[in-house]
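These notes are about the structure you will find just below.
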Amino acid sequence: KSLSVKCVLISRKRGIPPPDDTVEDFLELISYWEPLTLTQFLEKFALYMPAIVGDRDAVRRIAYEFVEMKAKEGVIYVEVRYSPHLLANCKVHPVPWGRKEGDLTLDEVVHLVNQGLQDGEKDFIIKARSILCCMRHMPSWSLEVVELCKKYQNNTVVAIDLAGDELLVSETFPEHRKAYEEAERCGIHRTVHAGEVGPPSVIKEAINVLKTEQIGHGYHVLEDPALYRELLSRKMHFEIMTNSTCLLCSVLTGACGPDFRKHPVIQFRKDKANYSLNSDGPLSLNSTIETGYRIAKQFLDFTEEEGNINAAQSSFLPEKEKKELLSKLYEAYGMVPNNPS
Ligand SMILES: *[C@@H]1O[C@H](CO)[C@@H](O)[C@H](O)[C@H]1NC(C)=O
Ligand SMILES: *[C@@H]1O[C@H](CO)[C@@H](O)[C@H](O)[C@H]1NC(C)=O
Ligand SMILES: *[C@@H]1O[C@H](CO)[C@@H](O)[C@H](O)[C@H]1NC(C)=O
């Protein structure tokens, strides 16, 4: 919420009229309460991103306030993902969101986000890391993304991701593959949005071609039982987003009705798949990780402890820091670790 208030203020400051008069109207416009297609969901970004692109203060401040927001939700470690290209306006082709060429480079975007995250870490005493996204429809950006990952590898950036609309682009371009190969070579962790709306073949590609370590969403894996069995046996980690794809919105609106009971996460849980619950697009869904957990508890008999331990185990922190994070959680929950090695 604070993000969108900020957007209105920032866009006023920059002389870009926000689409509606008040903060509430604006929030209304960018949030949604009924299931949208992924394309519609992504279109929401176009309503506020133009106000932020190329604005140094805004980029840094949003990163900082993101950490503040997470700390208030009780989060102790967060990995936040974004596309640097969608915030820069210098040497990015095309300049995103229909904006004009300016002087904020990709490199500076990552630097500013890092500063915002690090200032937030100090002030709110939590840990924040970032994941840089390649975009499916812009293969020409991917090699630049991996170079940024390399440059900032030990400076808040922990992984590379591939995001965007799986249905718009059905093939994995060679540039994405090259970027992921380079990431693997350089010890940069890899995750891919796959199988959120796309077919199982997108998941297969993510694993076989991009050599991803984790799958973002992955729900459509259930349509390919052989692939699903293989991934279960490999303990492949699925990053389930609690709010973008119908887990939250179906409850809110009842629109998915009985479908909600068939949400893939229910199957994942039954089959002891390796997954974690994550929050996605908290701004458009006006929700927090807590909302997701509450619903998962209510409908899935899911416990916060198991969720958080799985999430920490699949974090992209270096081993030593991961152990520290896990021992904090075990301590907080009064649990004895399964595997205290
Ligand atoms: C967002 O959520 C808060 C708290 O649940 C609620 O008070 C507010 O009205 C919501 N905003 C919108 C735009 O729905
Ligand atoms: C980051 O740390 C790893 C492991 O400590 C090291 O191998 C790598 O060279 C470092 N990368 C940079 C860019 O400093
Ligand atoms: C789940 O996946 C993560 C990330 O790949 C891994 O670290 C963890 O050990 C896996 N959990 C289990 C129970 O296999």
Side-chain angles (χ1 to χ4, degrees), residues 38 42 77-86 110 113 127-136 138-139 141-143 145-150 152-153 156-166 169 172-173 175-198 200-221 227 230-232 234-245 264-265 268 273-281 289 307 310-319 321-322 325:
L38 185 59
L42 298 175
Y77 173 67
V78 61
E79 285 166 6
V80 59
R81 62 190 75 194
Y82 67 100
S83 158
H85 287 83
L86 295 180
V110 178
V113 171
K127 201 177 259 206
R129 296 291 180 270
S130 63
I131 298 173
L132 303 186
C133 296
C134 303
M135 299 303 295
R136 284 200 182 265
M138 292 304 296
W141 290 351
S142 289
L143 289 168
V145 175
V146 74
E147 288 306 313
L148 290 165
C149 289
K150 281 159 68 177
Y152 292 101
Q153 193 175 7
T156 93
V157 176
V158 288
I160 192 167
D161 184 22
L162 173 60
D165 197 333
E166 295 171 57
V169 185
T172 300
F173 288 98
E175 291 91 337
H176 296 322
R177 180 172 52 75
K178 277 191 204 127
Y180 271 69
E181 278 169 4
E182 181 67 358
E184 185 181 18
R185 195 181 69 80
C186 300
I188 293 159
H189 288 292
R190 301 166 306 282
T191 181
V192 173
H193 279 66
E196 176 178 14
V197 293
S201 59
V202 181
I203 301 174
K204 263 190 194 156
E205 254 177 359
I207 289 164
N208 298 332
V209 181
L210 300 176
K211 308 271 168 22
T212 190
E213 296 167 86
Q214 303 192 2
I215 298 288
H217 301 277
Y219 318 124
H220 287 261
V221 71
L227 177 65
E230 185 198 328
L231 298 189
L232 284 178
R234 280 169 63 171
K235 301 269 175 221
M236 176 58 72
H237 187 81
F238 294 96
E239 303 160 330
I240 309 279
M241 314 295 164
T242 55
N243 47 5
S244 67
T245 320
V265 73
F268 286 173
N274 183 351
Y275 67 89
S276 57
L277 298 184
N278 303 273
S279 66
D280 191 5
I289 187 70
N310 277 352
Q313 263 162 357
S314 65
S315 74
F316 289 129
L317 283 173
E319 283 309 314
E321 289 178 65
K322 199 191 272 195
L325 177 63

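Partner of D161 under the side chain to side chain contact (heavy atoms under 4.5 Å, CB included) criterion, out of H189, R81, M135, E239: R81 alone. Partner of N274 under the side-chain hydrogen bond (donor to acceptor under 3.5 Å, both in side chains) criterion, out of R234, Q214, H237: H237 alone.
Residues R190 and L210 fail the side-chain proximity criterion, which asks for heavy atoms closer than 4.5 Å. Contact of the R136 side chain with the V202 side chain is registered, since non-hydrogen atoms from C-beta on lie closer than 4.5 Å. The shortest distance between side-chain heavy atoms of V265 and L277 falls below 4.5 Å. Looking at heavy atoms from C-beta onward, I160 lies out of side-chain contact with L132 at the 4.5 angstrom threshold. Looking at heavy atoms from C-beta onward, I203 lies in side-chain contact with L231 at the 4.5 angstrom threshold. The closest side-chain heavy-atom distance from V157 to I188 is not below 4.5 Å.
With sequence neighbours excluded, no residue forms a ring-ring contact (aromatic ring centres under 6.0 Å, His included) with Y77. Residues satisfying the salt bridge (Lys or Arg N to Asp or Glu O under 4.0 Å) test with E182, not counting sequence neighbours, are K150, R185. The ring-ring contact (aromatic ring centres under 6.0 Å, His included) search around F238 returns F268, not counting sequence neighbours.
For Y152 (side chain) and V158 (main-chain N/O), no donor-acceptor pair under 3.5 Å exists by modelled atom type. Side-chain atoms of N310 never come within 3.5 Å of backbone atoms of S276 as a donor-acceptor pair (strictly under, hydrogens ignored). In this structure, H220 contributes its side chain and E196 its backbone to a donor-acceptor pair below 3.5 Å. Side-chain N or O atoms of E79 include none that pairs as donor or acceptor with a backbone N or O of R129 at under 3.5 Å. Under the 3.5 Å distance criterion, the side-chain polar atoms of E175 are left unmatched by any main-chain donor or acceptor of L143.
The pair K322-E319 meets the salt-bridge criterion, since a charged nitrogen lies less than 4.0 angstrom from a carboxylate oxygen.
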